[in-house]
Amino acid sequence: QVQLVESGGGLVQPGGSLRLSCAASGIFWRISTMGWYRQAPGKQRELVAAITSGLSTNYADSVKGRFTISRDNAKNTVYLQMNSLKPEDTAVYYCNARVFASGVRTGDDYWGQGTQVTVSS
């Protein structure tokens, strides 16, 4: 009953910027942690960045200083601002949210459909 809808992917030159958005909708009590993962062809899916409901953040070493994760709790939306993009950032980016229904103690993970980010000259 929860859907995550992503937007903002595309083709960009090395050194350029993109901003990804992910909005959650449906029936739930609250969202705790939200994050962005990515998967390049032939590689494992990896965590890019995560942010808690208290706005604590965590980044992969490869994107520290270049990417910024943020969220708007009123809109149930998480963002990923990507600057100084490199070809190795090319991947499908997936939004993830830990969602709690009313009256439960264990949250469920939901995933967006993925959005393609391609960094190439």
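For the single chain, residues carry numbers from 1 onward in sequence order. FYI, side chains are in, hydrogens and waters are out, and symmetry mates aren't considered; it's all heavy atoms of this structure.
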Original post:
Can you list the residues that meet the salt bridge (Lys or Arg N to Asp or Glu O under 4.0 Å) rule with Arg71, with sequence neighbours excluded?
Top reply: none
Working to the nearest 0.5 Å, report the span between [atom1] of [X] and [atom2] of [Y].
| X | Y | atom1 | atom2 | result |
| --- | --- | --- | --- | --- |
| Gln13 | Ser120 | CD | OG | 7.0 Å |
| Thr33 | Asn58 | OG1 | CG | 10.0 Å |
| Asn76 | Cys22 | CG | SG | 10.0 Å |
| Leu20 | Phe67 | CG | CZ | 8.5 Å |
| Leu55 | Asn73 | CG | CG | 6.5 Å |
| Met34 | Arg98 | CE | CZ | 12.5 Å |

Original post:
What's the shortest heavy-atom distance between Thr68 and Tyr59, and which atoms?
Top reply: CA-OH, 3.4 Å
Subject >> Atom of Ser121, atom of Pro14 and distance for their closest heavy-atom approach >> reply: N-CD, 3.7 Å
Is any side-chain heavy atom of [X] less than 4.5 Å from a side-chain heavy atom of [Y]?
| X | Y | value |
| --- | --- | --- |
| Asp89 | Arg38 | yes |
| Val92 | Tyr37 | no |
| Trp36 | Glu6 | yes |
| Val2 | Ile31 | no |

**OP:** Taking Thr90 for its side chain and Val119 for its backbone only, find out whether a donor-acceptor pair lies under 3.5 Å.
**Re:** yes
Subject >> Mutual orientation of the aromatic rings belonging to Tyr94 and Trp111 [parallel < 30°, tilted 30-60°, perpendicular > 60°] >> reply: perpendicular
Subject >> Salt-bridge criterion met for Asp61 and Lys64 (N-O under 4.0 Å) >> reply: yes
Subject >> Glu46 CD: over 12 foreign heavy atoms closer than 6.0 Å >> reply: yes
Original post:
Are Leu4 and Phe100 in one and the same hydrophobic cluster, where Ile, Leu, Val, Met, Phe, Trp and Tyr link if side-chain heavy atoms are under 4.5 Å apart?
Top reply: no
